[in-house]
Each structure stands twice: as C-alpha cells, then as structure tokens.
2 protein chains.
Amino acid sequence: MPRAVAGRGDILPAIAEVFREHGYEGASLALIGQRTGLGKGSLYHFFPGGKDEMAAAVLAEIDAWFEAHMFGPLRDHAEPDVAIVAMLDATDSYFRSGGRVCLIGVFALGDARDRFGSAVQSYFARWVEALAEALQRGGREPSAARALAEEAVAAIQGGLVLARALQDTEAFTRTLGRIAITLTGRPRSAAGMASA
Amino acid sequence: MPRAVAGRGDILPAIAEVFREHGYEGASLALIGQRTGLGKGSLYHFFPGGKDEMAAAVLAEIDAWFEAHMFGPLRDHAEPDVAIVAMLDATDSYFRSGGRVCLIGVFALGDARDRFGSAVQSYFARWVEALAEALQRGGREPSAARALAEEAVAAIQGGLVLARALQDTEAFTRTLGRIAITLTGRPRSAAGMASA
DNA sequence: GTCTATAAAGCGATAGAC
DNA sequence: GTCTATCGCTTTATAGAC
C-alpha cells in the first residue's frame, strides 16, 4: 500500500485553505487535521515546528506561485501589456472571482504580521514592483508606473475585503474591471473573464 | 470614591483597540482585561454576553461614529464636494494615516464575518451608498457615482492592508491622495493633510 | 462594581505504540 | 507514517466573597 501522503506538498493546499478561511489564530490543529484527514501525529511528522512551520510553508508556496505565475511574467514577458492582462486573469482565477480571500492580506491585518512580517512585506513589495516594471516597459513614466501599480494592488486587496463583507463576489469582478481600464485603457475582454 | 467605570462607554474604546489589533479570535479576555484595567468579573458585569457582546457593542459604536461623522454628512451636506473632502480628512484621521486598521475590514476577512455578517455588510453598503449619493448630487451620473464610490471604499480598505503589510503608513497616505483626485479632480489640500 | 477561585473545554505540542 | 493518549497551558465563562 502506498503511503497516504507522499510529502508536505500533498497537504499544503488543504492547510492553506484553513489558514485562509480562519486566519492564523483561528486555524486550530483540530481543523487542520480534519481538513487534511491526518491526525496530529502525522502533521507533526511533516511539520516538526508545528503550526508556525505549517504557516511558513503555506506562505512560501503561495509566494512561489505568485512569483512563477504573476511577478515573473510581469518582469520578463516580451509584451508587458499581455503580461498585465494575464495578471488580471490570473488574479480573477486565483481568488475565485472574489469568493476566495488573500491569505497574505489576512495575515497582514492580524497578529500574524508580526510573526511573518518579512514574508508578508516581500510579497506585496514584489507585486507592486513587478507591476510597476511592466507598466514602465509599456511606456509609462517611472513615477506614474509606480503609483498605478500600488493603486492596482491596493484595489485588488480592497476588492476582496469588499466582496467578502458584502457577500457579493461581483464587487470584486467590478473592481478588476476598473483596474483593467486604469492599467490598460481597455475593458477586460469577455474571453478573459469567461475563462477565469 | 466614584466608581472606576461609569458604564460600558468608558471602556469600549480600549476593547475596540484589542479587537482591531488582534482580530476576534486573537482578542482574549486576558488581553482585554489588561488593556481596560478590569478583571473578568467587571467585564462580565458590563457585558453578560461575554466576548460576543463586547464585539457587538464595539461594532455598534464604530458604526454610529461613521454614520454621524461620515455617512450622514455625505448624504445631507449642502455642498457634496465639501462633504467628500471632509470624508477623506476624517478617514485619514480615523485610521491614523494608515497606522490603524479597519476593525470591520478585519472582521470581514475572518471568521467574525459569519458571526456579525449583517453589521459588516451594512457598514460597507452604507458607506458606498452615502458616497455614491454625494457624488451624484455633485453632478455625476448615477452609475458612474456608484462605481466611483465602490472604487474609493475598496481603495481605502486596500490601502490599509498595503500600509500594514509594507509597514509603511505613507502607502495609505498616497492611496488617499489618489482617491481625492479621482473623486474631486483635485489633490488633497495641504491644510487637510496637516490637520489630519 | 470589583475581585479571586474555579469549572469545563479547547489549545498546541509531545510520547510512544504500531 | 499514522495513530491514540496525555501533558501543560490558555481559553471562555461562572460563582461567590467583599
């Protein structure tokens, strides 16, 4: 019989979802065990450092995902406009059109910011910087690019707060639509919105 | 000797600050007792319903403050442009230029949204509606007013997330500056920024 | 109105059998 | 690798003295 779980990677998404929905303090080991289907023994086998190490691993995985799928393309893609549109589609998809919240934003607002301060800071700083670079390569002035990038990242986070508060995911969809116009000068394509 | 505490009103601000900084789950009665200088006995004397009643009272107080100082003026002020500028100044002041976080935003992102869903929803819905009404009275089309209002409220929340994540309150100040231009067509006045 | 003592439950974490 | 049992601590909440 193959082992039930090959490594941390198999259960990280489930753990991430618990932290995302309940925050660091609210994510009890009982909940995590329930969601992953593992007992505490197994959890501590994979994460000897306990809850702290689980959260750090989740943050690292999310960070790597954004680096690979959003920050990297924004910095490197030959056509910055294409990368920006792709970023908006990826954002819509990742946050399930507002049905999912940003775990790192949740951590930023609570006690977890003190625990994982540099990871939280780095994530947002690199998002803003990568987007600013794309905007600059697309022809914007450096200072305007930076301001637009900061505005867009803040708007995404605020859109998630609003969508969850109003229990209306369309508030997030509308936010993404406004950002698209601000950044690209055009509405989001129906194709991008449908596939997301 | 006068009683140490006349009523709930005296200690609500201290309790609010604990919820704001630690979230609902993180705000333990031990912390609240420490911050208010009261033992559990006194806390349960004022709030027989315990932590849940404390949070509800804090939400109600915050809601009343925003209703009186921001939503009301936005709806009623004879000059909507003046009310909008005043709202931005009040926002800057209330959130300590980004040094303070929005308790209702924190609740919205976490488990507390399920507990206090209607209060959270109502707060944000009325903020957007009141601002939209002011913009409409100022001459905007209804649909444009509503979109701008939603954009501004989301930007404020996102600016708070960003400022706290980056540990840089100026990220919030810059956000408010951009909102001012979007809503009023003019930068925030130096007077308003200084007095905030 | 404020306190201490205490109850009952849940928490993160550990130990050790299998 | 997975489990159960358990430890020690903190949690919310209550009881009752003053």
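Residue numbers start from 1 in every chain, and the chains themselves are labelled A, B, ... in the order their sequence lines are given, proteins ahead of strands. Only this structure's heavy atoms are used, side chains among them; waters, hydrogens and symmetry mates stay out. This one's a predicted model, so the numbers in the text were calculated from it and none came from an experiment.
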For S28(B), report the nucleic acid contact type (base, sugar-phosphate, nothing); a contact means any heavy atom under 4.0 Å. sugar-phosphate
Please determine whether a side-chain nitrogen or oxygen atom of H45(B) lies at a distance below 4.0 Å from atom OP1 or OP2 of dT2(C). no
I need the CG-C1' distance between L43(A) and dT14(C), as an integer number of Å. 14 Å
Roughly, in whole Å, what's the span from CD1 in I32(B) to C1' in dT2(C)? 17 Å
side-chain hydrogen bond (donor to acceptor under 3.5 Å, both in side chains) partners for E151(A), two or more places apart: none
How long is the line joining CG of D10(B) and C1' of dT2(C), in whole Å? 15 Å
How close or far is atom C1' of dG12(C) from atom CZ of F47(A), stated in whole angstroms? 15 Å
List for me each residue that meets side-chain hydrogen bond (donor to acceptor under 3.5 Å, both in side chains) alongside E21(A), sequence neighbours excluded, and say none if there are none. R35(A)
What integer distance in Å separates H22(B):NE2 from dT10(D):C1'? 15 Å
Checking A125(B) now: which residues fulfil side-chain contact (heavy atoms from CB on, under 4.5 Å) with it, not counting sequence neighbours? L166(A), E129(B)
Sorted by chain and number, sequence neighbours left out, side-chain contact (heavy atoms from CB on, under 4.5 Å) with A180(A) holds for L88(A), R188(A)
So, are R8(A) and E61(A) salt-bridged, with charged N and O less than 4.0 Å apart? no
Within this structure, what is the CD-to-P distance between E53(B) and dT12(D), rounded to whole angstrom? 15 Å
Report the distance from atom CD of E25(B) to atom C1' of dA9(C), rounded to the nearest whole Å. 16 Å
Between OH of Y24(A) and P of dC11(C) the distance, given in whole Å, is 14 Å
Once each nucleotide of nucleotides 13-18 of chain D is scored for protein heavy atoms under 4.0 Å, what B/S/- sequence comes out, 5' to 3'? BB----
Run the ring pair (Phe, Tyr, Trp, His ring centres under 6.0 Å) test against F116(A) and tell me which residues pass, sequence neighbours left out. Y24(A), F107(A)
